[in-house]
*Asks:* 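Before I ask anything, here is the structure I am working with.
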Amino acid sequence: MVTTPSIVPFHELRDSPLGVDTLYQGGSKGHAGDEPISKLLNVGNSGGFRISGTSDLPRFIVLYTSLEHRDWPDYLDLATGTLTYYGDNRTPGQQLHDTPRKGNVILRNLFANAEAGRSGRSKVPPIFLFSKTGNGRDVKFRGLAVPGSTAAALGEDLVAVWRSQGDSRFQNYRATFTILDVPIVSRQWITDIMNGDSGTDHAPAAWLEWISTGKITPLISEPLLIRDKAEQLPVDGQGMQVVERIHNYFNHEIENPFLFEKCAVDIWKMAESNIGEVDLTRPWRDGGRDAV
């Protein structure tokens, strides 16, 4: 199984695979040559759209985002694998598709091909998403993306939105992509793509399935919603008195702390109406769960 370290130093970039959430370090000489994506994938060293090949026939596309632009807030939902990405017509003065880097033309073509059946999807190049880390020129690889989302209706995954600046109005694209369940993009596949063939045996299964059938297999990551002790305690005196009274009853009055688990379930039922059947777990070695 191919793996990647959590951090790849600058001098190892050219031979490295792409691992989800792997950090790729920039250089330290203080100029544009420190930019890591250009060393990783032999593309330009600036801009949100970076192309291998031409804008008409890209071999692959790099999308780069800071994820923190105030007016154009690109957003990656880690729970669903959905990426909201804005185009490159971000100031007034030009038409939707007349941007210098042709980013919005690329978006238009990507989504048109993605909706044109298998023959159209076969023209969609691999899309590699990177984000800023906030530490120098370091970047983080966020995944292999495809146009569209299972959550977006047909025709709503690429929308031209209006914005205004001063007294001028203009349009930009809001695009919805999905990050595929591909933990590692191998260096062998990257080489194949650069040589003009993305459909080799080195291609990830989720990518080949999307090309063949249109089925999207997103990289879903459920968040861990574990609150610390301070976050779970009441913030007012009356609430603390209730907690102390319950604690004292089970620990000292009846001297059976395990009975609190049933009490906790009853309190949960009073607070949450949408509960079906509840099963208490055993009193110990239950993984910290009182009930399911």
Side-chain angles (χ1 to χ4, degrees), residues 1-8 17-24 63-69 73-86 114 126-135 138-154 156-157 174-186 203-210 213-233 260-261 264-292:
M1 178 180 178
V2 178
T3 61
T4 59
S6 57
I7 299 176
V8 177
L18 302 179
V20 167
D21 289 345
T22 295
L23 187 149
Y24 297 89
L63 297 183
Y64 174 70
T65 175
S66 68
L67 294 175
E68 58 187 25
H69 196 289
D74 299 335
Y75 177 67
L76 176 59
D77 186 338
L78 299 181
T80 64
T82 302
L83 168 69
T84 301
Y85 191 87
Y86 287 90
I127 303 165
F128 302 130
L129 175 67
F130 289 84
S131 68
K132 180 180 178 181
T133 67
N135 182 29
D138 295 355
V139 298
K140 183 180 286 190
F141 178 62
R142 309 316 297 266
L144 171 65
V146 293
S149 166
T150 56
L154 186 65
E156 294 183 1
D157 44 17
R174 182 182 67 231
T176 303
F177 293 87
T178 299
I179 303 300
L180 293 179
D181 187 4
V182 178
I184 302 288
V185 174
S186 71
W207 164 261
L208 294 174
E209 182 179 40
W210 180 75
T213 69
K215 179 183 177 183
I216 296 176
T217 304
L219 178 57
I220 297 172
S221 53
E222 296 184 8
L224 297 176
L225 302 177
I226 301 175
R227 297 178 296 165
D228 61 29
K229 181 178 179 179
E231 291 173 324
Q232 296 181 58
L233 290 174
F260 170 70
E261 296 186 357
V265 170
D266 291 338
I267 294 173
W268 179 35
K269 286 181 176 179
M270 288 189 289
E272 173 58 66
S273 60
N274 189 27
I275 294 176
E277 184 178 348
V278 179
D279 294 323
L280 285 169
T281 60
R282 61 184 181 179
W284 50 82
R285 293 185 179 179
D286 58 5
R289 298 176 177 85
D290 291 342
V292 177

*Asks:* How many angstroms lie between atom CZ of F130 and atom CG of L63, to the nearest 0.5 angstrom?
*Replies:*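 So the gap between those two atoms works out to 10.5 Å.
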
*Asks:* So K132 and V139, do their side chains get closer than 4.5 Å, heavy atoms only?
*Replies:* no

*Asks:* Please walk me through it: do L18 and I184 pass side chain to side chain contact (heavy atoms under 4.5 Å, CB included)?
*Replies:* CA-CA 6 Å; L18 302 179; I184 302 288; over 6 Å; no

*Asks:* Out of curiosity, Y75 OH to Y86 OH, how far, rounded to the nearest 0.5 Å?
*Replies:* 12.5 Å

*Asks:* Please report the closest heavy-atom contact between S149 and T82, naming both atoms and the distance.
*Replies:* OG-OG1, 3.9 Å

*Asks:* What closest approach, in Å, do T178 and G148 show between heavy atoms, and which atom pair accounts for it?
*Replies:*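 For T178 versus G148, the nearest heavy atoms are OG1-O, 2.7 Å.
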
*Asks:* Do L219 and L180 come close enough that some side-chain heavy atom pair is under 4.5 Å?
*Replies:*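 Result no, sub-4.5 Å side-chain heavy-atom pair not found.
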
*Asks:* Atom CG in D266, atom CZ in F260: separation rounded to 0.5 Å?
*Replies:*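 The distance works out to 10.5 Å.
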
*Asks:* Nearest heavy-atom pair of P17 and Y24: which atoms, and what distance?
*Replies:* O-OH, 2.8 Å

*Asks:* Determine whether more than 12 heavy atoms belonging to other residues, nucleotides or ligands lie under 6.0 Å from atom CD of E231.
*Replies:* yes

*Asks:* Which heavy atom in L144 sits nearest to a heavy atom in P126, and how many Å separate them?
*Replies:* CD1-CB, 4.0 Å

*Asks:* Could you go through T65 and D74, starting from their C-alpha distance and side-chain angles, then the distance that decides it, and tell me whether this counts as side chain to side chain donor-acceptor pair (under 3.5 Å)?
*Replies:* CA-CA 7 Å; T65 175; D74 299 335; 2.7 Å; yes

*Asks:* Roughly how far, to the nearest 0.5 Å, is NZ of K269 from CD1 of I267?
*Replies:* 12.5 Å

*Asks:* Kindly give the heavy-atom pair with the smallest separation between A291 and V265, and that separation in Å.
*Replies:*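 Reported closest heavy-atom pair: CB-CG2, 3.5 Å.
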
*Asks:* Rounded to the nearest 0.5 Å, what separation is found between the CD1 atom of I216 and the CH2 atom of W210?
*Replies:*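 Atom-to-atom, I216:CD1 and W210:CH2 are 7.5 Å apart.
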
*Asks:* Please determine whether side chain to side chain contact (heavy atoms under 4.5 Å, CB included) holds for the pair I220 and D181, giving the CA-CA distance in whole Å, both sets of side-chain angles, and the decisive distance to 0.1 Å.
*Replies:* CA-CA 7 Å; I220 297 172; D181 187 4; over 6 Å; no

*Asks:* About how many Å separate OG of S131 and CG of D138, when rounded to the nearest 0.5 Å?
*Replies:*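 It is 11.0 Å, given to the nearest 0.5 Å.
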
*Asks:* Check the pair F141 / V185 against side chain to side chain contact (heavy atoms under 4.5 Å, CB included), numbers first and verdict last.
*Replies:* CA-CA 10 Å; F141 178 62; V185 174; 4.2 Å; yes

*Asks:* Regarding T176 and D157, is there a side-chain donor-to-acceptor distance under 3.5 Å anywhere?
*Replies:* no

*Asks:* Checking side chain to side chain contact (heavy atoms under 4.5 Å, CB included) for the pair L129/F177: CA distance, chi angles, key distance, verdict?
*Replies:* CA-CA 10 Å; L129 175 67; F177 293 87; over 6 Å; no

*Asks:* Taking all atoms of both residues into account, what is the closest heavy-atom pair of P147 and I127, and its distance?
*Replies:* CD-CD1, 4.1 Å

*Asks:* Checking side chain to side chain contact (heavy atoms under 4.5 Å, CB included) between R142 and each of L67, L83, V20, which is the one that passes?
*Replies:* L67

*Asks:* Can D21 and K140 be counted as an ion pair, charged N to O under 4.0 angstrom?
*Replies:* no

